[in-house]
Amino acid sequence: MKITLHRINDDFLFECTNSQGNSILLDNTTQPGAKGVSPMESVLMAVAGCSGIDVVSILKKQRQEITGFQAEVEGERVQVDDAKPFKAIKVKFLLEGNIDPKKAQKAAELSFEKYCSVSKTLEPNVEIGYEVYVNGEKI
């Protein structure tokens, strides 16, 4: 796996591109007019995307009918010398459809305990928690 990062303005705007030519913009979001996401926001997005792919994949294999899927991710940071790494990340899955709540809960559990490479990468240093809601009801 390889990405390239290319600076595209005179400040802090970067384009990151993967080997398939897909890209995202990263920027210093503390500056006015930022046109991309911060690198730390991209970490939260990666957790959401990785676990989201897992949950949807598991539920589809179980023939669950997902009509809506959303994840909200919050990160808590802590000052360590001059850096502010994540101390904790919480993921909230909001699923809609004809979905067995127990299967949704199990899918999330499997994602974080077994499959999600992003959360597994962060896990030694970051506490990762999750909640699952199906049709507005917390599991």
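- One hydrophobic cluster holds both Val55 and Leu122 under the rule that ILVMFWY side chains link at heavy-atom gaps under 4.5 Å.
- Nearest heavy atoms, Leu44 versus Gly75: CD1-N, 3.8 Å.
- Within a 6.0 Å sphere centred on CD of Gln31, other residues, nucleotides and ligands contribute more than 12 heavy atoms.
- Across all their heavy atoms, Gly36 and Leu13 have their closest contact at N-CD1, 4.2 Å.
- Contact annotation: the side chain of Met40 approaches that of Phe86 to within less than 4.5 Å [non-hydrogen atoms, C-beta and beyond].
- Counted by atom type alone, Thr30 and Asn28 present one or more donor-acceptor pairs between their side chains at under 3.5 Å.
- Rounding to the nearest 0.5 angstrom, the gap separating the CD1 atom in Ile99 from the CG atom in Leu59 is 6.0 Å.
- Remark: aromatic rings of Tyr130 and Phe93 are distant, center separation not under 6.0 Å.
- Using a 4.5 Å heavy-atom cutoff, the side chains of Leu94 and Glu72 are in contact.
- Checked options Gln70, Glu131, Glu74; the residue passing with Lys92 is Glu131 (criterion: side chain to side chain contact (heavy atoms under 4.5 Å, CB included)).
- Annotation for Ile139 and Pro101: closest pair CD1-CB, 3.0 Å, computed over non-hydrogen atoms.
- Between Ser23 and Asn18 there is no side-chain heavy-atom pair separated by less than 4.5 Å.
- Enclosure of atom CD in Glu137 is not indicated, since only 12 or fewer non-hydrogen atoms of other residues, nucleotides or ligands lie within 6.0 angstrom.
- Here the side chains of Leu25 and Val37 are not in contact, with every heavy-atom distance at 4.5 Å or above.
- Sorted by first and then second residue, the side-chain hydrogen bond (donor to acceptor under 3.5 Å, both in side chains) pairs with a member in residues 53-63 read Asp54-Ser111; sequence neighbours excluded.
- Taken together through direct or relayed side-chain contacts under 4.5 Å among Ile, Leu, Val, Met, Phe, Trp and Tyr, Ile66 and Val134 form part of one hydrophobic cluster.
- Two residues are said to be in side-chain contact when any heavy atoms from C-beta on lie closer than 4.5 Å; Leu110 and Tyr115 meet this criterion.
- Residues Lys87 and Glu127 have side chains not in contact (no heavy-atom distance under 4.5 Å, counting atoms from C-beta outward).
- Looking at every heavy atom in both residues, Val47 comes nearest to Phe112 through CG1-CE2, 4.3 Å.
- Scanning all heavy atoms of the two residues, the minimum distance from Cys50 to Ser117 falls at SG-N, 3.5 Å.
- Listed for the Glu41 side chain is a donor-acceptor partner under 3.5 Å among the backbone atoms of Ser38.
- Annotation: the span from His6 atom NE2 to Glu15 atom CD amounts to 7.5 Å, rounded to 0.5 Å.
- With sequence neighbours excluded, the residues forming a side-chain hydrogen bond (donor to acceptor under 3.5 Å, both in side chains) with Glu123 are Lys120, listed by chain and number.
- Here the straight-line distance linking atom CG of Asn135 with atom CG of Leu95 works out to 8.5 Å at 0.5 Å rounding.
- Ile58 and Val132 are assigned to two separate hydrophobic clusters, defined by single-linkage of ILVMFWY side chains at heavy-atom distances under 4.5 Å.
- Between Ala34 and Thr29, the shortest heavy-atom contact is CB-CA, 3.8 Å.
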Does the pair Cys16 and Thr4 meet the rule for a side-chain contact (heavy atoms from CB on, under 4.5 Å), with working shown? CA-CA 6 Å; Cys16 295; Thr4 57; over 6 Å; no
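- Considering CG of Leu26 and CG of Leu5, their distance stands at 6.5 Å, rounded to 0.5 Å.
- Between Val78 and Lys84 there is no side-chain heavy-atom pair separated by less than 4.5 Å.
- Residues Val56 and Phe69 have side chains in contact (heavy-atom distance under 4.5 Å, counting atoms from C-beta outward).
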